[in-house]
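Notes follow the structure.
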Protein chains: 2
Amino acid sequence: MSNKHVFIEKLRSSGLRPTKQRIEICKLLFDRKDTFHFSISDLKNNLENVSSKKISLATIYNTIHAFTGKGYLKEISINSDKTYFDTNTSDHHHFFDENKKKLIDLNDNDVGKIKIKKILPGKKIKSIEVLVRITNDN
Amino acid sequence: MSNKHVFIEKLRSSGLRPTKQRIEICKLLFDRKDTFHFSISDLKNNLENVSSKKISLATIYNTIHAFTGKGYLKEISINSDKTYFDTNTSDHHHFFDENKKKLIDLNDNDVGKIKIKKILPGKKIKSIEVLVRITNDN
DNA sequence: CACTACATTAGAATCATTATAAATTATGAT
DNA sequence: ATCATAATTTATAATGATTCTAATGTAGTG
Ligand SMILES: [Mn+2]
Ligand SMILES: [Mn+2]
Ligand SMILES: [Zn+2]
Ligand SMILES: [Zn+2]
């Protein structure tokens, strides 16, 4: 309700038609204070709870990929059976809790600056990501 | 030929029976000076070239997982459609060439020490991996 | 040799993701 | 508002890596 119009503008301004499916997904992803991480199946489940009208799985994939392409989401590099997405699109790093299968943000204070000294001719760096795998202590 | 006996010992000493399939795979993976990265399909193709007798796909998976469990291989964290493995089992980081879909080692000189300042109670760090995605320059 | 646990194998099953192609909808112009 | 058109949604099928199954084969032990 609150930000529906903001989302419509956001979508329009990036060349995406503001359909009810996309707006519904925007509300779930962006209408909150804190950023978070999710898989497609997480999102699918949330949509089923929150919303009455069903959004097809193909549309969920289409939308998330469109949002990622526009820079509204980040895809996170984990070798897992599922792909994870992040509503925090700033450069930052992650813990991956292997028991809970959950990502946790590491901000820049938590990780020193990463400096890559090796250069490969003809190549440029696209991203630098640190993944810290954690497990239960005992 | 050269190291076959070494491989047999290596397998035996870790409780794996030295079958001809495992020895064949050992020769391909470990009978060389430099370490390297591969996917299961890479390995499958190599085996088809090098060897005449076919090794079933299930056995390739079984063997690679067994070797990974014994610490002879490392699984590399990339969000890709395939899983990559590394015959370099030391702690080190990677470039991932998104054009060639190839991993390239970064040694410790190339990346400063990573220090994680955040601590989560009840959790311990299992691994710290840096992935630097690179693409063609122009 | 004979026994048994471990391995290999072909093929089926799984499951996340992508492709297809028909139906629906948003948008801009008449 | 009505139309035309391209964008979008959708159900469903296809893909492809990985895992499972259950039958067959083999290595190690005595
Ligand atoms: Mn994996
Ligand atoms: Mn992906
Ligand atoms: Zn994050
Ligand atoms: Zn490596």
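To find a chain, count down the sequence lines: A is the first, B the second, and so on, and within it residues start at 1. Just so it is clear, the values below take in all heavy atoms, side chains as well, and ignore hydrogens, waters and symmetry mates.
- Under 4.0 Å is where a charged nitrogen must lie from a carboxylate oxygen, and between B:E98 and A:K126 at least one such pair does.
- What separates CD1 of A:I8 from C1' of C:dT27 is a distance of 14 Å, to the nearest Å.
- Under 4.0 Å is where a charged nitrogen must lie from a carboxylate oxygen, and between B:K20 and B:E24 no such pair does.
- Both B:K20 and B:F85 sit near DNA chain D, but only B:F85 has its closest nucleotide nearer the 5' end.
- Regarding B:N62, its CG atom lies at a distance of 16 Å from the P atom of D:dT26, rounded to whole Å.
- If you measure from atom CG of B:N45 to atom C1' of D:dG16, you get 14 Å, rounded to the nearest angstrom.
- Atom-to-atom, CG of B:L11 to P of D:dT26 comes out at 18 Å; the value is rounded to the nearest Å.
- The separation between A:R22 atom CZ and D:dT10 atom P is 11 Å, rounded to whole Å.
- Taking atom NZ on B:K44 and atom C1' on C:dT9, their separation rounds to 13 Å, with Å as the unit.
- Applying the 4.0 Å criterion to OP1 and OP2 of D:dT18, one finds that B:H65 has every side-chain N and O outside that range.
- If A:P18 and A:L57 are placed on DNA chain C by their nearest nucleotide, the residue sitting closer to the 5' end is A:L57.
- Taking only side-chain nitrogens and oxygens, A:Q21 comes nearer than 4.0 Å to OP1 or OP2 of D:dT10.
- Residue A:Y61 has its side chain nearest to C:dT17 when only C:dA19, C:dT17, D:dC20 are considered.
- If you check C:dG11, C:dA16, D:dT18 against the side chain of A:K82, the one that comes closest is C:dA16.
- Residue A:R12 places none of its side-chain N or O atoms closer than 4.0 Å to OP1 or OP2 of C:dA26.
- With D:dA11, C:dT27, C:dT8 as the candidates, the nucleotide lying closest to the side chain of A:K54 is D:dA11.
- Under the 30°/60° scheme for interplanar angles, the aromatic rings of B:H37 and B:H94 are found to stand perpendicular.
- Distance from the side chain of A:I40 is smallest for C:dT17 among the nucleotides C:dT8, C:dT17, D:dT9.
- Set against C:dT9, C:dA7, D:dT10, the side chain of B:T19 has C:dA7 as its closest nucleotide.
- Note on A:T83: a side-chain N or O is less than 4.0 Å away from OP1 or OP2 of C:dT17.
- Closest approach to the B:I55 side chain among C:dT9, D:dT10, D:dA17 is made by C:dT9 (side chain taken as heavy atoms from C-beta onward).
- Geometrically, A:K10 engages A:Y72 in a cation-pi contact defined by less than 6.0 Å to the ring centre and at most 45° from the axis.
- In this structure, the CD1 atom of A:I64 is 15 Å from the C1' atom of D:dT8, given to the nearest Å.
- Among the heavy atoms of the strands lying under 4.0 Å from B:L16 are primed sugar atoms or P, OP1, OP2 only; no base atom is included.
- Within 6.0 Å of atom CG in A:D91, 12 or fewer heavy atoms from other residues, nucleotides or ligands are found, so the atom counts as exposed in its surroundings.
- Distances from the side chain of A:R17 to the nucleotides C:dG11, D:dT9, D:dA6 place D:dA6 closest.
- Ring geometry for A:F30 against A:F7 counts as tilted: the plane angle lies between 30° and 60°, on a 0 to 90° scale.
- If you take CZ of B:F67 and P of C:dA7, they are 11 Å apart, rounded to a whole angstrom.
- For C:dA7, neither phosphate oxygen OP1 nor OP2 lies less than 4.0 angstrom from any side-chain nitrogen or oxygen of B:T59.
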